[in-house]
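Down below is the structure, laid out as C-alpha coordinates.
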2 protein chains.
Amino acid sequence: MLNDFITQLQITEEELQDELRQNATITTHKKGDFIIKYDQYIKVLKIVLKGKVRVYQKNENREILIYYLGDMETCTLSLSACFEDCKSTVNAIAEENCTILNIPVRFVQDWNFKYKSWNTFTTNTFRESYNYLINQYSILAFQPLKDRLFDYLVSEASNLTVNKSHQQLAKELGTTREVISRLLKTLEKNNKLHLGQKEIQILDKS
Amino acid sequence: MLNDFITQLQITEEELQDELRQNATITTHKKGDFIIKYDQYIKVLKIVLKGKVRVYQKNENREILIYYLGDMETCTLSLSACFEDCKSTVNAIAEENCTILNIPVRFVQDWNFKYKSWNTFTTNTFRESYNYLINQYSILAFQPLKDRLFDYLVSEASNLTVNKSHQQLAKELGTTREVISRLLKTLEKNNKLHLGQKEIQILDKS
DNA sequence: CTAATGTTGTAACAAATGTCACAGGTAATA
DNA sequence: TATTACCTGTGACATTTGTTACAACATTAG
(Lines give C-alpha, C1' and ligand atoms only; values in the text may rest on other atoms or scores of the structure.)
Protein backbone atom coordinates (compact mmCIF):
# COMPACT_ATOMS: atom_id res chain seq x y z
CA MET A 1 0.00 0.00 0.00
CA LEU A 2 2.98 2.23 0.61
CA ASN A 3 3.84 1.69 -3.03
CA ASP A 4 0.50 3.12 -4.09
CA PHE A 5 1.35 6.22 -2.14
CA ILE A 6 4.75 6.44 -3.76
CA THR A 7 3.17 6.12 -7.16
CA GLN A 8 0.44 8.62 -6.48
CA LEU A 9 2.92 11.23 -5.29
CA GLN A 10 5.20 10.49 -8.20
CA ILE A 11 8.11 9.89 -5.92
CA THR A 12 10.72 9.02 -8.48
CA GLU A 13 13.78 9.42 -6.27
CA GLU A 14 14.81 5.93 -5.29
CA GLU A 15 16.59 7.22 -2.26
CA LEU A 16 13.40 8.76 -0.92
CA GLN A 17 11.50 5.58 -1.69
CA ASP A 18 13.98 3.70 0.45
CA GLU A 19 13.82 6.24 3.23
CA LEU A 20 10.07 5.91 3.26
CA ARG A 21 10.20 2.14 3.40
CA GLN A 22 12.70 2.26 6.23
CA ASN A 23 11.30 5.00 8.40
CA ALA A 24 7.59 5.12 7.87
CA THR A 25 5.41 2.75 9.83
CA ILE A 26 2.00 1.53 8.89
CA THR A 27 -0.65 1.17 11.56
CA THR A 28 -4.22 -0.04 11.47
CA HIS A 29 -7.08 1.34 13.47
CA LYS A 30 -10.61 0.26 14.15
CA LYS A 31 -13.66 2.35 13.59
CA GLY A 32 -14.05 4.72 16.51
CA ASP A 33 -10.36 4.81 17.47
CA PHE A 34 -8.79 8.16 18.12
CA ILE A 35 -6.00 8.92 15.68
CA ILE A 36 -5.09 12.28 17.17
CA LYS A 37 -6.33 13.70 20.42
CA TYR A 38 -6.67 17.34 21.36
CA ASP A 39 -3.70 18.74 23.29
CA GLN A 40 -1.50 15.79 22.44
CA TYR A 41 1.97 16.35 21.01
CA ILE A 42 2.21 15.47 17.35
CA LYS A 43 5.21 13.37 16.54
CA VAL A 44 4.33 11.90 13.18
CA LEU A 45 2.85 12.96 9.90
CA LYS A 46 -0.33 10.97 9.35
CA ILE A 47 -1.39 9.90 5.90
CA VAL A 48 -4.51 7.82 5.45
CA LEU A 49 -3.71 5.00 3.07
CA LYS A 50 -7.12 3.40 3.32
CA GLY A 51 -10.23 4.24 5.29
CA LYS A 52 -11.83 7.42 6.52
CA VAL A 53 -10.84 9.77 9.31
CA ARG A 54 -12.80 12.69 10.66
CA VAL A 55 -10.78 15.67 11.85
CA TYR A 56 -12.84 18.05 13.95
CA GLN A 57 -12.85 20.65 16.65
CA LYS A 58 -14.82 20.38 19.83
CA ASN A 59 -16.74 22.76 22.00
CA GLU A 60 -18.54 21.88 25.24
CA ASN A 61 -21.58 20.52 23.49
CA ARG A 62 -20.85 20.87 19.81
CA GLU A 63 -18.37 19.80 17.20
CA ILE A 64 -17.44 21.07 13.78
CA LEU A 65 -15.81 19.22 10.95
CA ILE A 66 -12.47 20.50 9.74
CA TYR A 67 -12.07 17.89 7.04
CA TYR A 68 -12.45 14.25 6.25
CA LEU A 69 -9.42 12.27 5.21
CA GLY A 70 -10.01 9.52 2.68
CA ASP A 71 -7.72 7.21 0.77
CA MET A 72 -4.27 8.66 0.19
CA GLU A 73 -5.06 11.90 1.94
CA THR A 74 -2.76 13.72 4.29
CA CYS A 75 -3.57 15.36 7.57
CA THR A 76 -2.44 18.92 6.93
CA LEU A 77 -2.47 19.77 10.59
CA SER A 78 -0.01 17.04 11.41
CA LEU A 79 2.08 18.18 8.45
CA SER A 80 2.07 21.66 9.90
CA ALA A 81 3.11 20.30 13.26
CA CYS A 82 6.13 18.64 11.67
CA PHE A 83 7.68 22.04 11.18
CA GLU A 84 7.17 23.16 14.73
CA ASP A 85 6.93 21.28 17.97
CA CYS A 86 3.33 21.74 18.97
CA LYS A 87 0.21 20.19 20.40
CA SER A 88 -2.85 19.25 18.43
CA THR A 89 -5.72 21.70 18.43
CA VAL A 90 -8.06 19.13 16.95
CA ASN A 91 -9.28 15.59 17.35
CA ALA A 92 -9.14 12.95 14.68
CA ILE A 93 -11.19 9.79 14.84
CA ALA A 94 -11.45 6.77 12.55
CA GLU A 95 -14.87 6.69 10.94
CA GLU A 96 -14.06 3.38 9.33
CA ASN A 97 -11.34 0.84 9.92
CA CYS A 98 -8.28 2.37 8.43
CA THR A 99 -4.65 1.99 7.54
CA ILE A 100 -2.36 4.87 8.26
CA LEU A 101 1.14 5.75 7.19
CA ASN A 102 3.15 7.41 9.93
CA ILE A 103 6.24 9.42 9.17
CA PRO A 104 8.25 10.79 12.08
CA VAL A 105 8.46 14.56 12.03
CA ARG A 106 12.22 14.85 11.68
CA PHE A 107 12.14 13.27 8.23
CA VAL A 108 9.31 15.36 6.93
CA GLN A 109 11.31 18.50 7.45
CA ASP A 110 14.60 17.16 6.10
CA TRP A 111 13.07 15.70 2.99
CA ASN A 112 11.40 18.97 2.19
CA PHE A 113 14.58 20.47 0.85
CA LYS A 114 16.22 17.25 -0.13
CA TYR A 115 13.69 15.70 -2.49
CA LYS A 116 11.85 17.63 -5.12
CA SER A 117 8.83 15.35 -5.13
CA TRP A 118 8.47 15.66 -1.37
CA ASN A 119 8.70 19.41 -1.60
CA THR A 120 5.94 19.42 -4.18
CA PHE A 121 3.85 17.17 -1.98
CA THR A 122 4.08 19.33 1.13
CA THR A 123 3.55 22.54 -0.77
CA ASN A 124 0.52 21.20 -2.58
CA THR A 125 -0.94 19.88 0.62
CA PHE A 126 -0.61 23.24 2.32
CA ARG A 127 -1.87 25.17 -0.65
CA GLU A 128 -4.93 23.05 -1.25
CA SER A 129 -5.85 22.90 2.41
CA TYR A 130 -5.41 26.60 2.88
CA ASN A 131 -7.56 27.50 -0.10
CA TYR A 132 -10.22 25.06 0.98
CA LEU A 133 -10.28 26.43 4.50
CA ILE A 134 -10.50 30.06 3.42
CA ASN A 135 -13.47 29.13 1.32
CA GLN A 136 -15.15 27.29 4.17
CA TYR A 137 -14.44 30.22 6.44
CA SER A 138 -16.45 32.70 4.47
CA ILE A 139 -19.21 30.18 3.90
CA LEU A 140 -19.40 29.74 7.65
CA ALA A 141 -19.47 33.50 8.12
CA PHE A 142 -22.08 34.36 5.53
CA GLN A 143 -24.25 31.43 4.57
CA PRO A 144 -27.29 30.62 6.66
CA LEU A 145 -27.21 27.13 8.12
CA LYS A 146 -30.07 25.99 5.92
CA ASP A 147 -28.00 26.63 2.82
CA ARG A 148 -24.83 25.21 4.31
CA LEU A 149 -26.73 22.06 5.18
CA PHE A 150 -28.23 21.62 1.74
CA ASP A 151 -24.98 22.34 -0.08
CA TYR A 152 -23.21 19.93 2.21
CA LEU A 153 -25.72 17.19 1.49
CA VAL A 154 -25.32 17.70 -2.24
CA SER A 155 -21.55 17.54 -1.92
CA GLU A 156 -21.65 14.40 0.20
CA ALA A 157 -24.30 12.56 -1.75
CA SER A 158 -23.62 9.57 -3.91
CA ASN A 159 -26.49 8.73 -6.21
CA LEU A 160 -28.33 11.67 -4.70
CA THR A 161 -28.39 9.82 -1.41
CA VAL A 162 -26.77 10.62 1.92
CA ASN A 163 -26.70 7.96 4.62
CA LYS A 164 -26.07 9.92 7.75
CA SER A 165 -28.01 10.50 10.91
CA HIS A 166 -29.10 13.97 11.90
CA GLN A 167 -26.68 13.78 14.78
CA GLN A 168 -23.78 13.14 12.44
CA LEU A 169 -24.74 16.06 10.25
CA ALA A 170 -24.98 18.27 13.32
CA LYS A 171 -21.43 17.31 14.29
CA GLU A 172 -20.18 18.10 10.83
CA LEU A 173 -21.87 21.46 10.55
CA GLY A 174 -21.24 22.70 14.06
CA THR A 175 -24.77 22.70 15.39
CA THR A 176 -27.20 20.46 17.27
CA ARG A 177 -29.36 17.56 16.23
CA GLU A 178 -32.69 19.31 16.78
CA VAL A 179 -31.70 22.17 14.52
CA ILE A 180 -30.73 19.78 11.74
CA SER A 181 -33.98 17.84 12.09
CA ARG A 182 -35.97 21.03 11.82
CA LEU A 183 -34.10 22.32 8.79
CA LEU A 184 -34.33 18.98 7.03
CA LYS A 185 -38.08 18.92 7.63
CA THR A 186 -38.40 22.36 6.05
CA LEU A 187 -36.33 21.26 3.07
CA GLU A 188 -38.53 18.19 2.69
CA LYS A 189 -41.66 20.35 2.75
CA ASN A 190 -40.14 22.43 -0.03
CA ASN A 191 -39.63 19.25 -2.06
CA LYS A 192 -35.86 19.61 -2.02
CA LEU A 193 -35.36 16.17 -0.50
CA HIS A 194 -36.98 13.08 0.93
CA LEU A 195 -36.27 11.81 4.42
CA GLY A 196 -35.91 8.20 5.46
CA GLN A 197 -34.26 6.38 8.33
CA LYS A 198 -30.62 7.39 8.19
CA GLU A 199 -31.14 8.18 4.55
CA ILE A 200 -31.68 11.45 2.79
CA GLN A 201 -32.56 11.57 -0.87
CA ILE A 202 -31.96 14.76 -2.74
CA LEU A 203 -34.77 15.55 -5.14
CA ASP A 204 -33.90 18.98 -6.41
CA LYS A 205 -30.29 20.05 -6.53
CA SER A 206 -31.01 23.71 -7.33
CA MET B 1 13.80 48.38 2.58
CA LEU B 2 14.33 45.23 0.59
CA ASN B 3 17.44 44.70 2.66
CA ASP B 4 15.39 44.70 5.83
CA PHE B 5 13.34 41.92 4.35
CA ILE B 6 16.43 39.97 3.41
CA THR B 7 17.77 40.37 6.93
CA GLN B 8 14.52 39.45 8.58
CA LEU B 9 14.20 36.27 6.55
CA GLN B 10 17.83 35.45 7.12
CA ILE B 11 18.47 35.10 3.45
CA THR B 12 22.15 34.31 3.53
CA GLU B 13 22.47 33.00 0.00
CA GLU B 14 24.03 35.83 -1.99
CA GLU B 15 22.66 34.43 -5.18
CA LEU B 16 19.10 34.67 -3.88
CA GLN B 17 19.75 38.18 -2.62
CA ASP B 18 20.76 39.14 -6.13
CA GLU B 19 17.79 37.43 -7.67
CA LEU B 20 15.52 39.35 -5.33
CA ARG B 21 17.15 42.66 -6.17
CA GLN B 22 16.86 41.96 -9.86
CA ASN B 23 13.41 40.51 -10.11
CA ALA B 24 11.33 41.92 -7.29
CA THR B 25 9.73 45.30 -7.76
CA ILE B 26 8.71 47.69 -5.07
CA THR B 27 5.47 49.59 -5.41
CA THR B 28 3.80 52.19 -3.24
CA HIS B 29 0.09 52.52 -2.66
CA LYS B 30 -2.12 55.12 -1.08
CA LYS B 31 -4.59 54.49 1.65
CA GLY B 32 -7.73 53.04 0.12
CA ASP B 33 -6.04 51.56 -2.96
CA PHE B 34 -6.90 48.02 -3.90
CA ILE B 35 -3.89 45.72 -3.75
CA ILE B 36 -5.72 42.61 -4.89
CA LYS B 37 -9.21 42.43 -6.28
CA TYR B 38 -11.59 39.53 -6.16
CA ASP B 39 -11.55 37.33 -9.28
CA GLN B 40 -8.34 38.85 -10.57
CA TYR B 41 -5.48 36.61 -11.63
CA ILE B 42 -2.61 36.66 -9.19
CA LYS B 43 0.73 37.10 -10.88
CA VAL B 44 2.96 38.21 -8.04
CA LEU B 45 3.67 37.35 -4.47
CA LYS B 46 2.86 40.39 -2.34
CA ILE B 47 4.86 41.21 0.74
CA VAL B 48 4.08 44.31 2.74
CA LEU B 49 7.33 46.07 3.54
CA LYS B 50 5.69 48.98 5.28
CA GLY B 51 2.09 49.90 5.98
CA LYS B 52 -1.08 47.99 6.59
CA VAL B 53 -3.26 45.95 4.28
CA ARG B 54 -6.62 44.44 5.00
CA VAL B 55 -7.38 41.14 3.32
CA TYR B 56 -11.05 40.26 3.47
CA GLN B 57 -13.91 38.43 1.87
CA LYS B 58 -17.07 40.06 0.69
CA ASN B 59 -20.71 39.15 0.67
CA GLU B 60 -23.52 41.26 -0.78
CA ASN B 61 -23.73 43.49 2.24
CA ARG B 62 -21.10 42.25 4.64
CA GLU B 63 -17.39 41.68 4.85
CA ILE B 64 -15.17 39.56 7.04
CA LEU B 65 -11.53 40.00 7.81
CA ILE B 66 -9.19 37.22 6.79
CA TYR B 67 -6.10 38.89 8.13
CA TYR B 68 -4.24 42.15 8.35
CA LEU B 69 -0.80 42.42 6.85
CA GLY B 70 1.63 44.67 8.66
CA ASP B 71 5.30 45.43 8.21
CA MET B 72 7.23 42.56 6.66
CA GLU B 73 4.22 40.34 6.41
CA THR B 74 3.38 38.13 3.48
CA CYS B 75 0.05 37.59 1.82
CA THR B 76 -0.35 33.84 2.17
CA LEU B 77 -3.09 33.72 -0.41
CA SER B 78 -0.87 35.22 -3.05
CA LEU B 79 1.85 32.81 -2.00
CA SER B 80 -0.58 29.98 -2.48
CA ALA B 81 -1.50 31.31 -5.89
CA CYS B 82 2.15 31.22 -6.93
CA PHE B 83 1.98 27.45 -6.98
CA GLU B 84 -1.11 27.27 -9.10
CA ASP B 85 -2.52 29.59 -11.69
CA CYS B 86 -5.66 30.91 -10.08
CA LYS B 87 -7.87 33.86 -9.39
CA SER B 88 -8.12 35.68 -6.13
CA THR B 89 -10.98 34.74 -3.85
CA VAL B 90 -10.42 37.78 -1.68
CA ASN B 91 -9.92 41.51 -1.78
CA ALA B 92 -6.98 43.34 -0.30
CA ILE B 93 -7.03 47.04 0.36
CA ALA B 94 -4.42 49.43 1.74
CA GLU B 95 -5.53 50.69 5.13
CA GLU B 96 -2.55 52.99 5.28
CA ASN B 97 -0.12 54.20 2.66
CA CYS B 98 2.12 51.27 2.05
CA THR B 99 5.16 49.90 0.31
CA ILE B 100 4.90 46.48 -1.23
CA LEU B 101 7.43 44.02 -2.53
CA ASN B 102 6.23 42.15 -5.60
CA ILE B 103 7.81 38.92 -6.68
CA PRO B 104 6.62 37.33 -9.92
CA VAL B 105 5.15 33.89 -9.37
CA ARG B 106 7.64 31.96 -11.50
CA PHE B 107 10.48 32.80 -9.14
CA VAL B 108 8.61 31.94 -5.99
CA GLN B 109 8.21 28.38 -7.14
CA ASP B 110 11.71 27.91 -8.46
CA TRP B 111 13.38 29.34 -5.41
CA ASN B 112 11.43 27.03 -3.18
CA PHE B 113 13.65 24.10 -3.96
CA LYS B 114 16.72 26.08 -4.85
CA TYR B 115 17.29 28.13 -1.71
CA LYS B 116 16.97 26.77 1.77
CA SER B 117 16.05 30.09 3.33
CA TRP B 118 13.28 30.62 0.81
CA ASN B 119 11.96 27.17 1.47
CA THR B 120 11.86 27.90 5.17
CA PHE B 121 10.10 31.16 4.50
CA THR B 122 7.31 29.69 2.39
CA THR B 123 6.80 26.75 4.70
CA ASN B 124 6.62 28.94 7.77
CA THR B 125 4.22 31.28 6.09
CA PHE B 126 1.88 28.45 5.19
CA ARG B 127 2.16 26.78 8.54
CA GLU B 128 1.51 29.87 10.60
CA SER B 129 -1.35 31.03 8.42
CA TYR B 130 -2.96 27.64 8.42
CA ASN B 131 -2.83 27.25 12.17
CA TYR B 132 -4.16 30.73 12.67
CA LEU B 133 -7.04 30.15 10.31
CA ILE B 134 -8.06 26.84 11.87
CA ASN B 135 -8.21 28.60 15.18
CA GLN B 136 -10.31 31.44 13.81
CA TYR B 137 -12.56 28.90 12.15
CA SER B 138 -13.67 27.25 15.32
CA ILE B 139 -14.00 30.58 17.09
CA LEU B 140 -16.32 31.67 14.31
CA ALA B 141 -18.27 28.46 14.62
CA PHE B 142 -18.68 28.39 18.39
CA GLN B 143 -18.22 31.75 20.00
CA PRO B 144 -21.15 34.14 20.19
CA LEU B 145 -20.51 37.44 18.48
CA LYS B 146 -20.45 39.30 21.77
CA ASP B 147 -17.45 37.30 22.92
CA ARG B 148 -15.74 37.44 19.56
CA LEU B 149 -16.11 41.21 19.59
CA PHE B 150 -14.72 41.63 23.07
CA ASP B 151 -11.80 39.27 22.51
CA TYR B 152 -11.05 41.03 19.26
CA LEU B 153 -11.00 44.41 20.98
CA VAL B 154 -8.64 43.11 23.62
CA SER B 155 -6.35 41.68 20.97
CA GLU B 156 -6.35 44.87 18.93
CA ALA B 157 -6.02 47.29 21.80
CA SER B 158 -2.90 49.25 22.52
CA ASN B 159 -2.93 50.83 25.96
CA LEU B 160 -6.34 49.30 26.44
CA THR B 161 -7.65 51.55 23.70
CA VAL B 162 -9.06 50.75 20.30
CA ASN B 163 -9.53 53.53 17.77
CA LYS B 164 -11.96 52.08 15.32
CA SER B 165 -15.44 52.97 14.26
CA HIS B 166 -18.29 50.56 14.76
CA GLN B 167 -18.47 50.19 11.00
CA GLN B 168 -14.85 49.09 10.83
CA LEU B 169 -15.38 46.52 13.55
CA ALA B 170 -18.43 45.22 11.73
CA LYS B 171 -16.37 44.70 8.59
CA GLU B 172 -13.74 42.86 10.53
CA LEU B 173 -16.12 40.57 12.35
CA GLY B 174 -18.46 39.81 9.50
CA THR B 175 -21.55 41.58 10.74
CA THR B 176 -23.30 44.95 10.49
CA ARG B 177 -22.74 48.27 12.18
CA GLU B 178 -26.00 48.28 14.15
CA VAL B 179 -25.21 44.92 15.68
CA ILE B 180 -21.79 46.10 16.80
CA SER B 181 -23.25 49.29 18.30
CA ARG B 182 -25.77 47.28 20.24
CA LEU B 183 -23.24 44.79 21.57
CA LEU B 184 -20.80 47.53 22.53
CA LYS B 185 -23.57 49.30 24.44
CA THR B 186 -24.29 46.13 26.36
CA LEU B 187 -20.61 45.67 27.15
CA GLU B 188 -20.44 49.27 28.35
CA LYS B 189 -23.41 48.72 30.63
CA ASN B 190 -21.60 45.74 32.09
CA ASN B 191 -18.61 47.97 32.81
CA LYS B 192 -16.38 46.02 30.45
CA LEU B 193 -15.50 49.11 28.44
CA HIS B 194 -16.09 52.80 27.89
CA LEU B 195 -17.25 54.24 24.59
CA GLY B 196 -16.08 57.47 23.01
CA GLN B 197 -16.00 58.86 19.50
CA LYS B 198 -14.02 56.37 17.44
CA GLU B 199 -12.43 55.25 20.66
CA ILE B 200 -13.12 52.27 22.86
CA GLN B 201 -11.44 51.89 26.21
CA ILE B 202 -11.28 48.49 27.76
CA LEU B 203 -11.93 48.58 31.47
CA ASP B 204 -12.08 44.93 32.43
CA LYS B 205 -10.15 42.43 30.39
CA SER B 206 -11.71 39.37 32.01
C1' DC C 1 -18.76 79.02 8.46
C1' DT C 2 -21.36 75.61 5.95
C1' DA C 3 -22.32 71.58 3.64
C1' DA C 4 -21.24 66.99 3.21
C1' DT C 5 -19.81 62.95 5.13
C1' DG C 6 -18.97 59.91 8.70
C1' DT C 7 -20.24 58.32 13.41
C1' DT C 8 -23.20 56.76 17.06
C1' DG C 9 -27.71 55.59 19.41
C1' DT C 10 -31.76 53.17 19.48
C1' DA C 11 -36.51 51.30 18.81
C1' DA C 12 -39.14 47.85 16.65
C1' DC C 13 -39.45 44.00 14.29
C1' DA C 14 -37.99 39.71 11.55
C1' DA C 15 -35.39 35.74 11.03
C1' DA C 16 -32.15 32.33 12.46
C1' DT C 17 -30.40 29.44 15.79
C1' DG C 18 -30.09 27.17 20.36
C1' DT C 19 -32.29 24.73 24.24
C1' DC C 20 -35.45 21.85 26.74
C1' DA C 21 -38.71 18.39 27.02
C1' DC C 22 -40.92 14.55 25.65
C1' DA C 23 -42.89 10.87 22.49
C1' DG C 24 -42.45 7.22 19.56
C1' DG C 25 -39.95 4.66 15.91
C1' DT C 26 -35.98 1.56 14.46
C1' DA C 27 -32.00 -1.32 14.83
C1' DA C 28 -28.78 -4.08 17.29
C1' DT C 29 -27.82 -7.49 20.43
C1' DA C 30 -27.84 -10.35 24.44
C1' DT D 1 -37.94 -11.84 22.65
C1' DA D 2 -36.66 -8.18 25.56
C1' DT D 3 -33.71 -4.66 26.50
C1' DT D 4 -30.92 -1.09 25.16
C1' DA D 5 -29.12 2.29 22.40
C1' DC D 6 -29.79 5.02 18.62
C1' DC D 7 -32.75 7.82 15.62
C1' DT D 8 -36.45 11.08 14.32
C1' DG D 9 -40.29 14.49 15.10
C1' DT D 10 -41.90 18.39 17.14
C1' DG D 11 -43.78 22.11 20.20
C1' DA D 12 -42.56 25.89 23.03
C1' DC D 13 -39.60 29.13 24.25
C1' DA D 14 -35.11 31.91 24.77
C1' DT D 15 -31.43 34.07 22.69
C1' DT D 16 -28.82 35.83 19.08
C1' DT D 17 -28.31 38.16 15.01
C1' DG D 18 -29.98 40.83 10.98
C1' DT D 19 -32.89 44.62 9.02
C1' DT D 20 -35.16 48.96 8.65
C1' DA D 21 -35.78 53.43 9.89
C1' DC D 22 -34.75 57.56 11.86
C1' DA D 23 -32.36 61.12 14.81
C1' DA D 24 -28.51 63.51 16.54
C1' DC D 25 -23.77 64.54 16.92
C1' DA D 26 -18.75 65.04 15.15
C1' DT D 27 -15.41 65.82 11.78
C1' DT D 28 -13.65 67.36 7.52
C1' DA D 29 -13.33 69.68 3.18
C1' DG D 30 -14.41 73.53 0.59
Side-chain angles (χ1 to χ4, degrees), chain A residues 30-32 58-65 93 95 138-153 161-190 192-201, chain B residues 30-32 54 57-65 93 95 138-153 161-190 192-201:
Chain A
K30 285 188 190 147
K31 181 174 170 173
K58 230 179 123 56
N59 194 238
E60 296 103 68
N61 42 357
R62 283 187 272 163
E63 298 181 1
I64 191 164
L65 181 68
I93 195 167
E95 293 277 302
S138 75
I139 287 173
L140 183 57
F142 296 135
Q143 297 259 26
L145 187 50
K146 187 168 110 177
D147 298 348
R148 281 205 296 133
L149 171 59
F150 187 72
D151 292 349
Y152 185 68
L153 289 172
T161 304
V162 178
N163 292 300
K164 296 192 178 202
S165 71
H166 300 183
Q167 181 62 67
Q168 270 176 284
L169 290 167
K171 279 182 175 187
E172 289 163 356
L173 293 166
T175 182
T176 59
R177 200 269 312 166
E178 297 89 327
V179 173
I180 294 290
S181 293
R182 183 205 294 147
L183 292 175
L184 283 174
K185 238 355 182 201
T186 310
L187 286 167
E188 190 181 41
K189 276 176 194 155
N190 297 341
K192 307 284 280 185
L193 41 80
H194 178 259
L195 299 177
Q197 189 73 2
K198 241 189 160 183
E199 184 185 272
I200 300 168
Q201 281 187 37
Chain B
K30 285 188 191 148
K31 181 175 171 175
R54 180 165 60 97
Q57 281 202 310
K58 229 178 124 56
N59 195 239
E60 296 103 66
N61 43 358
R62 284 187 269 163
E63 298 181 359
I64 192 165
L65 181 67
I93 196 168
E95 292 278 301
S138 76
I139 287 174
L140 184 57
F142 296 135
Q143 296 260 26
L145 187 49
K146 187 168 111 176
D147 297 348
R148 281 203 297 135
L149 172 59
F150 188 71
D151 292 349
Y152 185 67
L153 289 172
T161 303
V162 177
N163 293 299
K164 296 191 179 203
S165 71
H166 300 182
Q167 181 62 68
Q168 271 176 284
L169 291 167
K171 280 182 173 186
E172 289 163 357
L173 293 166
T175 182
T176 59
R177 200 271 308 167
E178 297 87 331
V179 172
I180 294 290
S181 293
R182 181 203 295 147
L183 292 175
L184 284 174
K185 238 353 178 203
T186 310
L187 287 166
E188 190 181 41
K189 275 176 194 155
N190 297 341
K192 305 285 280 183
L193 41 80
H194 178 259
L195 299 176
Q197 187 75 2
K198 242 189 159 183
E199 185 185 272
I200 300 168
Q201 280 186 39

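Numbers restart at 1 for each chain; the letters A, B, ... are given by sequence-line order, proteins then strands.
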Could you walk me through whether B:Ile200 and B:Leu169 pass the side chain to side chain contact (heavy atoms under 4.5 Å, CB included) check?
-> CA-CA 11 Å; B:Ile200 300 168; B:Leu169 291 167; 3.7 Å; yes

Assess whether side chain to side chain contact (heavy atoms under 4.5 Å, CB included) is satisfied between A:Thr176 and A:Asn61, documenting all intermediate values.
-> CA-CA 8 Å; A:Thr176 59; A:Asn61 42 357; 5.8 Å; no

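Counting heavy atoms from C-beta outward, B:Glu199 and B:Thr161 have side chains that approach closer than 4.5 Å. Looking at heavy atoms from C-beta onward, B:Arg54 lies out of side-chain contact with B:Gln168 at the 4.5 angstrom threshold.
Between the C1' atom of D:dG9 and the CD1 atom of A:Ile200 lies a distance of 14 Å, rounded to the nearest Å. Between the CG atom of A:Leu173 and the C1' atom of C:dT17 there is a distance of 13 Å, given to the nearest Å. Nucleotide C:dT10 holds its C1' atom 14 Å from the CG atom of B:Leu195, rounded to whole Å. We find that CG of A:Asn59 is positioned 9 Å from P of C:dT19, with the value rounded to whole Å. D:dT10 atom C1' lies 9 Å from atom NZ of A:Lys189, rounded to whole Å. The distance between atom CG of B:Leu187 and atom C1' of C:dG9, rounded to the nearest whole Å, is 15 Å. Summarising the geometry, the separation between CD on B:Gln168 and C1' on C:dG6 is reported as 11 Å, rounded to the nearest angstrom. One interatomic measurement links the two molecules: CD of B:Gln167 to P of C:dG9, which rounds to 14 Å at whole-angstrom precision.
Defining each end axis of the helix from C:dC1-D:dG30 to C:dA30-D:dT1 as the rotation carrying four pairs' C1' atoms onto the next four, with five pairs an end, the two axes are found to diverge by 40° to 10 degrees.
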Enumerate, atom names and distances included, each donor-acceptor pair closer than 3.5 Å involving a side-chain atom of residues 140-152 of chain A, sequence neighbours excluded.
from	atom 1	to	atom 2	distance (Å)
A:Arg148	NH1	A:Leu173	O	3.4
A:Arg148	NH2	A:Leu173	O	3.3
A:Tyr152	OH	A:Glu172	OE1	3.0

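Residue contacts for A:Ser181: at a heavy-atom cut-off of 4.0 Å it reaches a base atom on one of the strands shown.
Taken to the nearest 0.5 Å, the CD1 atom of A:Ile64 stands 13.5 Å off from the NZ atom of A:Lys58. Within the model, atoms CD of A:Glu95 and NZ of A:Lys31 stand 7.5 Å from one another, a figure rounded to the nearest 0.5 Å. Of the inter-residue distances, the one linking B:Lys171 atom NZ with B:Ile180 atom CD1 reads 13.0 Å to the nearest 0.5 angstrom. Distance check: B:Glu63 CD to B:Gln57 CD gives 10.5 Å after rounding to the nearest 0.5 Å. Note that CG of A:Leu187 is 7.5 Å distant from CG of A:Leu153, once rounded to the nearest 0.5 Å. Of the inter-residue distances, the one linking A:Ile139 atom CD1 with B:Asn59 atom CG reads 11.0 Å to the nearest 0.5 angstrom.
Screening residues 174-188 of chain B for salt bridge (charged side-chain N to carboxylate O under 4.0 Å, His left out) gives B:Lys185-B:Glu188 as the qualifying pairs, with residues at least two apart or on separate chains.
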Below 3.5 Å is the cut-off: list the nitrogen or oxygen pairs between protein and nucleotides 1-3 of chain C, distance only.
none

Using the 3.5 Å cut-off, write out each protein N or O paired with an N or O of nucleotides 14-22 of chain D and the distance between them.
from	atom 1	to	atom 2	distance (Å)
D:dT17	OP1	B:Leu145	N	2.7
D:dG18	OP1	B:Arg62	NH1	2.6
D:dG18	OP2	B:Thr175	OG1	2.3
D:dG18	N7	B:Arg182	NH2	3.3
D:dG18	O6	B:Arg182	NH2	2.7
D:dT19	O4	B:Arg182	NH2	3.3

Please produce a list of atom pairs where a protein N or O lies less than 3.5 Å from an N or O of nucleotides 25-29 of chain C.
none

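Proximity of a side-chain donor or acceptor of A:Arg62 to a complementary backbone N or O of A:Gly174 within less than 3.5 Å is detected.
Checking C:dG9, C:dT7, D:dG9 against the side-chain heavy atoms of B:His166 singles out C:dG9 as nearest.
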